[in-house]
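Right, one structure below, let's go through it.
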2 protein chains.
Amino acid sequence: MTVIFSKKCEYGMQAILYLAAREKGNLVSSDEISKVLKIPREFISKILQSLRESGLIISNKGKSGGFGLAKDPSRIKLIDVVAAIDGLDIFDSCVLGFPECSPTHPCPVHETWGTLRTQAYDMLNSETVDKLKDKTLNKISSL
Amino acid sequence: MTVIFSKKCEYGMQAILYLAAREKGNLVSSDEISKVLKIPREFISKILQSLRESGLIISNKGKSGGFGLAKDPSRIKLIDVVAAIDGLDIFDSCVLGFPECSPTHPCPVHETWGTLRTQAYDMLNSETVDKLKDKTLNKISSL
DNA sequence: TTATAATCGGATTATTTTATCCGATAAAAA
DNA sequence: TTTTTATCGGATAAAATAATCCGATTATAA
């Protein structure tokens with residue numbers, strides 16, 4: 001198998017996009033997120049907890065509690081979720097797995113892969129959950 | 001953590017590049033590959049076995065046995081190794097992990113990520129181990 | 001104040017990936 | 001023919017990732 005982001009990270013991005021799309025002031029329960037996105041309930045809870053610790057979302061316990069964005073959706077980017085969960089190593093490590101792959105000791109595909117990697121980073125760094133709101137709503141409705 | 005290709009696949013690509021760079025007609029032992037590339041011996045053996053089953057490399061048992069490319073280095077591409085070990089799912093699955101992400105049910109970053117994915121595929125599909133020979137020799141010498 | 005409904009968080013289990021062990025087999029060289 | 005040096009391949013171990021369990025806590029609403 002082969003993966004770009006961990007399940008945790010994928011689920012985290014889905015959840016934060018959902019919070020942005022669903023937002024009407026009130027909080028959203030992990031149960032709702034779990035059901036709509038079809039993510040195991042206890043698992044998404046753990047992920048939401050860690051996103052809370054990272055300061056991307058807030059939560060309230062108790063009845064009518066739940067989760068919500070910690071700041072304006074125009075200020076939350078996909079790369080923030082990646083950084084919080086998987087970390088940014090992927091944008092700085094060798095695609096062939098060679099140690100110490102750097103401009104002075106480049107792997108055989110160092111430059112050409114580097115270009116792609118930069119593009120990927122830039123994309124995740126420019127897409128805010130706000131900008132993706134409509135597309136998210138559209139995707140959600142088909143789940 | 002976050003990964004693009006599995007360790008198996010990374011090691012497999014390194015090994016096949018090494019075979020191409022090292023080639024002088026004679027076979028290369030898994031022991032040599034293990035030592036030069038600093039890959040656990042038993043692990044690279046297993047990977048080489050599977051690449052042999054995939055028809056990318058050949059092997060001989062016994063004294064002066066070892067592994068070698070099964071065809072001309074100009075006809076072996078990095079994507080062949082990926083296809084043999086990790087499979088090509090990564091080039092056809094949603095980066096956000098949404099189910100059934102397709103043109104009719106696109107995820108919020110479907111088009112923009114699709115472009116990157118295609119570029120990555122094209123790159124791996126155009127780089128032959130032959131073309132990468134010099135750069136591989138150069139990298140190897142720094143290990 | 002009490003019942004309800006939510007998160008919190010530590011412990012545990014399951015699954016996948018990565019790595020290792022070792023006996024069997026095979027081929028070449030001595 | 002015997003010894004040496006490889007791969008082969010099945011079984012197992014270790015580590016990382018994914019998922020679950022459940023009791024404790026907390027806040028709201030009735």
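Below, read A as the first sequence line, B as the second, and so on, with proteins coming before strands; counting in each chain starts at 1.
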message: Counting only side-chain heavy atoms from C-beta out, which of C:dA19, C:dG9, D:dG10 sits nearest to B:Lys46?
response: D:dG10
- request: Would you kindly give the NZ-to-P distance between B:Lys35 and D:dT5, to the nearest whole Å?
  value: 12 Å
- line: Winner on side-chain proximity to A:Gln49, out of D:dT7, D:dA18, C:dC8, is C:dC8
Listed nucleotide nearest any side-chain atom of B:Pro40, set C:dT20, C:dT18, D:dA19: C:dT20
message: Can you identify which nucleotide, out of D:dG9, C:dA26, D:dA19, has its nearest atom closest to the A:Tyr11 side chain?
response: D:dA19
message: If you assign each of B:Glu53 and A:Asn60 to its closest nucleotide in DNA chain D, which residue comes earlier from the 5' end?
response: B:Glu53
Separation of atom CD1 in B:Ile44 from atom P in C:dT17, rounded to whole Å: 18 Å
query: With no hydrogens and no angle check, is any side-chain donor or acceptor of A:Lys139 less than 3.5 Å from a backbone partner on B:His105?
result: yes
- request: Mind calculating the distance between CD (B:Gln14) and P (C:dT18) to the nearest angstrom?
  value: 13 Å
- line: A:Ile47 atom CD1 is separated from C:dG9 atom C1', nearest whole Å, by 15 Å
- prompt: Is any NZ, NE, NH1 or NH2 atom of the basic residue among B:Glu32 and B:Lys35 found under 4.0 Å from an Asp or Glu carboxylate oxygen of the other?
  reply: no
- request: Using a cut-off of strictly less than 4.0 Å, decide whether A:Ser59 has a side-chain nitrogen or oxygen near OP1 or OP2 of C:dC8.
  value: yes
A:Lys63 side chain, from C-beta outward: closest of C:dG9, D:dA27, D:dT5: D:dA27
field: Atom pair distance, as rounded to whole Å: CG in B:Asn26 and C1' in D:dA6
entry: 14 Å
field: A:Phe43 CZ - C:dT12 C1' separation (whole Å)
entry: 15 Å
query: Over how many whole Å does the gap from B:Ile39 atom CD1 to C:dT17 atom P extend?
result: 19 Å
- line: On DNA chain C, more 5' by nearest nucleotide between B:Gly62 and A:Ser30 is A:Ser30
task: Please report, rounded to the nearest Å, how far the C1' atom of D:dT7 is from the CG atom of B:Leu19.
output: 14 Å
statement: side-chain contact (heavy atoms from CB on, under 4.5 Å) with B:Leu69: of B:Leu51, B:Leu19, B:Val28, only one passes, and it is B:Leu19
query: Which pairs, with at least one residue in residues 108-131 of chain B and sequence neighbours excluded, count as a side chain to side chain donor-acceptor pair (under 3.5 Å)?
result: A:Gln119-B:Gln119, B:Lys77-B:Asn125
message: Can you identify which nucleotide, out of D:dG9, C:dT18, C:dC8, has its nearest atom closest to the B:Lys7 side chain?
response: C:dT18
Donor-acceptor pair present, A:Glu42 side chain and C:dC8 base, under 3.5 Å: no
field: Salt-bridge criterion met for A:Arg41 and A:Asp31 (N-O under 4.0 Å)
entry: yes
message: Using a 4.0 Å heavy-atom cut-off, does A:Arg41 contact any base of the nucleic acid, only the sugar-phosphate backbone, or nothing at all?
response: base
